[in-house]
Amino acid sequence: MKQLVETIAKELVDFPDKVEITEREEERAIILELQVAPEDMGKVIGKQGRVAKAIRSIIKSASQASVKKYVLEIME
């Protein structure tokens, strides 16, 4: 799942080398923390959060077979 989010994020931003994803596991969920360059923050979030919402929808669909829920957090 981490690779999926990384691929999507790198295609959206101007500085793909600054895309970092950290994965941390909690009791019922796996948190994916996405960090991008400050200049690319708007591209990852999108107008009214539409791009972020779309990425989260993809993660939700891709993780249907998983026992744990995946959550995407966009870090500043």
Side-chain angles (χ1 to χ4, degrees):
M1 195 64 62
K2 182 178 176 180
Q3 183 66 37
L4 174 65
V5 174
E6 185 175 358
T7 303
I8 293 169
K10 284 186 176 184
E11 290 298 319
L12 291 171
V13 299
D14 290 333
F15 302 101
D17 55 317
K18 297 207 177 179
V19 172
E20 291 181 26
I21 299 176
T22 309
E23 190 174 88
R24 86 182 137 91
E25 197 166 331
E26 293 189 353
E27 188 177 321
R28 295 184 182 198
I30 297 174
I31 313 296
L32 298 171
E33 296 175 342
L34 172 63
Q35 290 185 324
V36 296
E39 301 87 16
D40 290 328
M41 202 54 118
K43 292 180 181 180
V44 173
I45 295 172
K47 286 186 180 179
Q48 296 179 351
R50 288 187 179 133
V51 175
K53 197 179 292 186
I55 296 171
R56 289 183 175 114
S57 293
I58 292 169
I59 291 171
K60 186 177 179 181
S61 295
S63 67
Q64 288 287 330
S66 178
V67 176
K68 291 193 175 188
K69 182 173 115 175
Y70 280 85
V71 178
L72 175 68
E73 291 183 0
I74 300 172
M75 311 302 284
E76 290 187 36

- Query: So which pairs with a foot in residues 38-54 pass side-chain hydrogen bond (donor to acceptor under 3.5 Å, both in side chains), sequence neighbours left out?
  - Reply: Asp14-Lys43, Gln48-Arg50
- Message: Nearest 0.5 angstrom please: Ser66 OG to Ile59 CD1, how far?
- Response: 12.0 Å
- Query: Roughly how far, to the nearest 0.5 Å, is the CE atom of Met1 from the CD atom of Glu23?
  - Reply: 9.0 Å
- Query: Rounded to the nearest 0.5 Å, how far apart are CD of Glu33 and CD1 of Ile21?
  - Reply: 11.0 Å
- Query: So if you build clusters from Ile, Leu, Val, Met, Phe, Trp, Tyr with side-chain heavy-atom gaps below 4.5 Å, do Ile58 and Val13 land together?
  - Reply: yes
- Would one find more than 12 heavy atoms of other residues, nucleotides or ligands at under 6.0 Å from atom NZ of Lys69? no
- In Å and rounded to the nearest 0.5 Å, what is the CD to NZ distance from Glu27 to Lys68? 8.0 Å
- Query: Judged by atom type as modelled, is there a donor-acceptor pair below 3.5 Å linking the side chain of Arg56 to the main-chain atoms of Leu72?
  - Reply: yes
- Query: In Å and rounded to the nearest 0.5 Å, what is the OH to CD distance from Tyr70 to Glu25?
  - Reply: 8.0 Å
- Reference residue Val51; test side chain to side chain contact (heavy atoms under 4.5 Å, CB included); the match among Ile45, Leu12, Val44: Leu12
- Do Met41 and Val36 come close enough that some side-chain heavy atom pair is under 4.5 Å? yes
- Message: Tell me whether Glu26 is salt-bridged to Arg24, with the criterion being a basic N under 4.0 Å from an acidic carboxylate O.
- Response: yes
- State, yes or no, whether a side-chain contact exists between Ile30 and Lys2 at a heavy-atom distance under 4.5 Å. no
